[in-house]
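The structure under discussion is supplied below as structure tokens; questions concerning it will follow.
So that the names make sense, note that chain A is the first sequence line, chain B the second, and so on, each numbered from 1. Only this structure's heavy atoms are used, side chains among them; waters, hydrogens and symmetry mates stay out.
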Amino acid sequence: MLAEIVERVVRSWVTEEQWDPAPEFVFERPADLAHGDYATPFCMQLAKTARRAPRQLAEELKSRLEADPEAAALVDAVEIAGPGFLNFRLRSDAFVKMASDLLEQGDSVGAGRREEPRNILLEYVSVNPNGPLHVGHARYAAYGNALDRLLRFSGERVTTEFYINDYGRQMDMFGRSVAARYAQSFGVDLAVPEEGYQGAYVADIAAQIRQEVGDRRLEELRERGLEDASGEAVRFFRERGCQIVLEQMSAELERFGVTFDNWFSETPLHTEGRVRDAIDRLLAAGQAYEQDEAVWLRTTDYGDDKDRVLIRSNEQPTYFAADIAYHEDKLQRGYDLLINIWGADHHGYIPRMKAAVEFLAGEPGRLEIVIGQLVSLQEAGETRQMSTRRGEMVTLAELLEAIGKDAARFFLVMRSHDQTLDLDLDLARSQSQENPVYYVQYAHARIAGILRNAPPELEPGLASDPSLFLTSFERELVKKLDEFPHVLMEAADRRHVHRIAGYAQELAAEFHPFYKNCRVIGSDPAVASSRLALCLLTRRVIARCLDLLGVDAPDRM
RNA sequence: GCGCCCGUAGCUCAGUUGGAUAGAGCGUUGGUCUACGAAACCAAAGGUCGCAGGUUCGAAUCCUGCCGGGCGCGCCA
């Protein structure tokens, strides 16, 4: 709050003096309380542009701030320190003012108000529906869902979508694998194709289908085998298998707290000719061309290393071609911004997709691709590699079984999405009590306890007497709470979901000492009332953080 | 070979787009329960921020070059 006021004073000063370029305004909490409650290195950054000594600039800014009524109302002392830092010490009643401003906002504390909210389509997870979700998918699901909640809360309009890759060779392979297991369950000797799916879950799906249809699908398999992949026999298993996997996936994601506004199937893009139409338009516009019996898109026009094939020489469209039709559909639905969350193993695909969207939209920047780094697993001191095809993986279901939704979600988003994540399964299983999520939830439960035990006549309310906020525990807690709106907006704009998890831990770390040292119930009524108000506010903010991460905020643990 | 993400405490990782003495959790060592929940608090130990240069008042952060790791580099998805 003080940050905005100081920034305003600085901006008008810079404008008046016509300094250009003006350095970015930085306002921070010094690590050492001796340096005041807040500090800014702005004058040192300004020195070069202004061509004056930092401390001399600091003198002038100091007197401007002291002349500003809003700043003077909050600041007790402005000090010049070191090579040109400006340190601020808050007045005692500033803490009351900061806390009551936040309290007034009620449950919407921290919510963003955008002057021009954008319509954003957020696409994530989007896997082949041919096997269970593993922990890598779980990371993107946890991250994407938290980003969804964060962007909405920050004032954007978000629609979420799961693109179902239910078409193509991988799915044919899956269908044949299910068909083979189905036949095997009747003792018919049909082998799972070499490049097929070997996991035990395939047999489970086959068993379910057998329950549904009995032996009615057996004869055609016996007669025609698996060779004719596009034929009726295998198609049935591919489609029903796909449905079963999607049902399981959707139920599992829901248990994980992740839901989507839309599930968008790839197959109709092909069967309704929309892929072909998109390619024809690109050809007509000269953006695609034929060569070597294939059709290529001029992605090099937009920075790709080489042009990319849309239609193979065998006349089959590539996955890329379908993706173009899909993104054309997204654009036609009128979104201002498309955000795709992809695994790091797809990063090589970025330039061509951005090029394609630039062709379609006629302008750059409509597509933003967020790359999530991979998850590697440690178990018994060894790294486990995952393979859907071999059926070797740690699934989301197993992770939920081992550590539960809350710990899993918190764990998967507490680290930057840009960083590979090492998941130690032994640690997750055996020491789940040590997971930082409990530290945050415990703070919430403690507050709930206070509210339960408080006598009914005790009303939360911030007294005007600043002496009620004199302990450092209360001051530090208020300062941390005051950061919340800024942290949220920055996290949203930079897609840094992990900042929310980090902030929640920091807030809990300010609350616990406060709890230890500042009794609420039984204190002098005015003090108790003020502290109760702080508790209420802290609870709201913690609950909001946890909600944004998809983690429960329990009243008891 | 080229491109992307990285290299920070024993381990897993933060570090607010260049700021003051580099932080947290786990692990280790010691202390704190007759008042709102000890899943907590307090304290200690632990670091050439991969290495070497450069940019400047100031670098974990920006630039260059090495070393090391992950992931990509298809008319697969």
d(CG, A:Asn435; P, B:A40) in whole Å: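 Taking CG of A:Asn435 and P of B:A40, I get 11 Å after rounding.
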Ring centres under 6.0 angstrom apart (A:Phe484, A:Tyr503):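 Yes, close enough.
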For A:Arg29, all residues meeting side-chain contact (heavy atoms from CB on, under 4.5 Å), sequence neighbours excluded: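 For A:Arg29 the side-chain contact (heavy atoms from CB on, under 4.5 Å) partners, ignoring immediate neighbours, are A:Tyr38, A:Glu476, A:Lys479, A:Lys480, A:Glu483, A:Glu510.
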Base paired to B:C49 (Watson-Crick or G-U; both N/O distances under 3.5 angstrom):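 Pairing partner, where one exists within any strand: none, as none qualifies.
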Stacking of A:Phe85 on B:A20 base (centres under 5.5 Å, planes under 30°):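 So A:Phe85 counts as stacking on the base.
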Whole-Å P distance, B:U48 and B:U32: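 These two P atoms come out 34 Å apart once rounded.
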pi-stack flag for A:His346 and B:A77, centroid dist under 5.5 Å, interplanar under 30°: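 Aromatic stack with B:A77 present for A:His346.
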Length of the CG-C1' vector between A:Asn128 and B:C76, whole Å: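 Interatomic distance, CG of A:Asn128 to C1' of B:C76: 11 Å.
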Separation of atom CD in A:Gln373 from atom C1' in B:U12, rounded to whole Å: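 A:Gln373 atom CD is separated from B:U12 atom C1' by 16 Å.
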Separation of B:C76 C1' from A:Met173 CE (nearest whole Å):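 So the CE-C1' distance, A:Met173 to B:C76, works out to 11 Å.
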Separation of the C1' atoms in B:A60 and B:U8, to the nearest angstrom: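 Going atom to atom, C1' in each nucleotide, I get 7 Å.
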Aromatic contact, A:Phe162 with A:Tyr124 (centres under 6.0 Å):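 No; A:Tyr124 has its ring centre 6.0 Å or more from that of A:Phe162.
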Atom-pair distance (CD1 on A:Ile447; C1' on B:C36), nearest Å: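 In whole Å, B:C36 C1' and A:Ile447 CD1 are 11 Å from each other.
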Length of the OH-P vector between A:Tyr439 and B:C13, whole Å: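 Atom OH in A:Tyr439 sits about 21 Å away from atom P in B:C13.
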Residues from residues 304-314 of chain A lying under 4.0 Å of RNA chain B - heavy atoms: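 Going residue by residue through residues 304-314 of chain A, the ones with a heavy atom under 4.0 Å of RNA chain B turn out to be A:Lys306, A:Val309, A:Arg312, A:Ser313.
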Shortest side-chain distance from A:Asp422, nucleotide among B:C36, B:C13, B:A40: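 Between B:C36, B:C13, B:A40, the one nearest the side chain of A:Asp422 would be B:C13.
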Watson-Crick or G-U wobble partner of B:G68, both distances under 3.5 Å: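 Partner of B:G68: B:C6.
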Sugar-phosphate only, base, or nothing, as touched by A:Gln45 at under 4.0 Å among non-hydrogen atoms: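 If one applies the 4.0 Å heavy-atom cut-off, A:Gln45 turns out to touch a base.
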Sugar-phosphate only, base, or nothing, as touched by A:Arg446 at under 4.0 Å among non-hydrogen atoms: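 If one applies the 4.0 Å heavy-atom cut-off, A:Arg446 turns out to touch the sugar-phosphate alone, with no base involved.
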Nucleotide nearest A:Tyr442 when distance is taken to its side chain, options B:A77, B:A38, B:A14: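 It is B:A38.
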Earlier contact from the 5' end, RNA chain B, for A:Phe320 and A:Arg29: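 Result of the comparison: A:Arg29.
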Watson-Crick/G-U partner (both atom distances under 3.5 Å) of B:U29: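 Pair assignment: B:U29 / B:A43.
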Length of the CZ-C1' vector between A:Arg352 and B:A77, whole Å: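 One finds 11 Å between C1' of B:A77 and CZ of A:Arg352, rounded.
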Between B:A9 and B:U56 - P atom distance, rounded Å: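 Each nucleotide's P atom is 30 Å from the other's.
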For B:C33, glycosidic torsion class - syn if within 90° of 0, otherwise anti: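 Syn conformation here, the glycosidic angle of B:C33 being no more than 90° from 0.
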Distance in angstrom units between A:Asp406 CG and B:A39 P, rounded: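 One finds 18 Å between P of B:A39 and CG of A:Asp406, rounded.
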From CG (A:Asp555) to CZ (A:Arg539), nearest 0.5 Å: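 The distance works out to 5.0 Å.
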Test of ring centre spacing under 6.0 Å for A:Tyr439 and A:His512: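 For A:Tyr439 and A:His512, the ring centres are under 6.0 Å apart.
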B:G18 and B:A59, which share atom name P, separated by this distance in whole Å: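 One P to the other, the span is 13 Å.
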Within the 6.0 Å centroid threshold, strictly below: A:Phe473 and A:Tyr515: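 No, the ring of A:Phe473 stays outside the 6.0 Å limit from the ring of A:Tyr515, centre to centre.
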Residue-phosphate contact under 4.0 Å: A:Gln419 side-chain N/O, B:A14 OP1/OP2: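 Result: yes.
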Watson-Crick or G-U counterpart of B:G1, or none if no pair lies under 3.5 Å: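 Across any shown strand, B:G1 pairs with B:C73.
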Between B:G7 and B:G15 - P atom distance, rounded Å: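 The same atom, P, in both gives a distance of 10 Å.
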Nearest-Å distance once atom C1' is located in both B:C41 and B:A35: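 Those two atoms are separated by 16 Å.
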Sorted by number, the residues of residues 519-545 of chain A with heavy-atom contact under 4.0 Å to RNA chain B: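 A:Arg519, A:Val520, A:Ile521 - these, ordered by number, are the residues of the stretch whose heavy atoms sit under 4.0 Å from the strand.
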Nucleotide paired to B:G58 in any strand shown, Watson-Crick or G-U, under 3.5 Å: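 Result: none.
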For B:C36, the Watson-Crick or wobble partner whose two distances fall under 3.5 Å: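 B:C36 is paired with nothing.
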Whole-Å P distance, B:G25 and B:G70: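 Nearest-Å result for B:G25 against B:G70 at atom P: 31 Å.
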Touch class at under 4.0 angstrom, heavy-atom based, for A:Cys518 against every strand present: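 A:Cys518: base contact, heavy atoms under 4.0 Å.
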Sugar-phosphate, base or nothing in reach of A:Gly502, heavy atoms under 4.0 Å: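 Touches nothing.
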A:His35 over B:A20, stacked by centroid distance under 5.5 Å, angle under 30°: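 Given the distance and angle limits, yes, they stack.
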Quiz item: A:Asn87 side-chain donor-acceptor pair to B:A20 base, under 3.5 Å: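 Result: at least one qualifying N/O pair found.
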Atom P, compared across B:C5 and B:U64: separation rounded to whole Å: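 The answer is 13 Å between these two P atoms.
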Aromatic ring proximity, centroids under 6.0 angstrom, A:Phe27 and A:Phe88: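 Yes - the distance between ring centres of A:Phe88 and A:Phe27 falls below the 6.0 Å cut-off.
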Any-strand Watson-Crick or G-U partner of B:U16, both distances under 3.5 Å: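 Matched B:U16 with nothing under the 3.5 Å cut-off.
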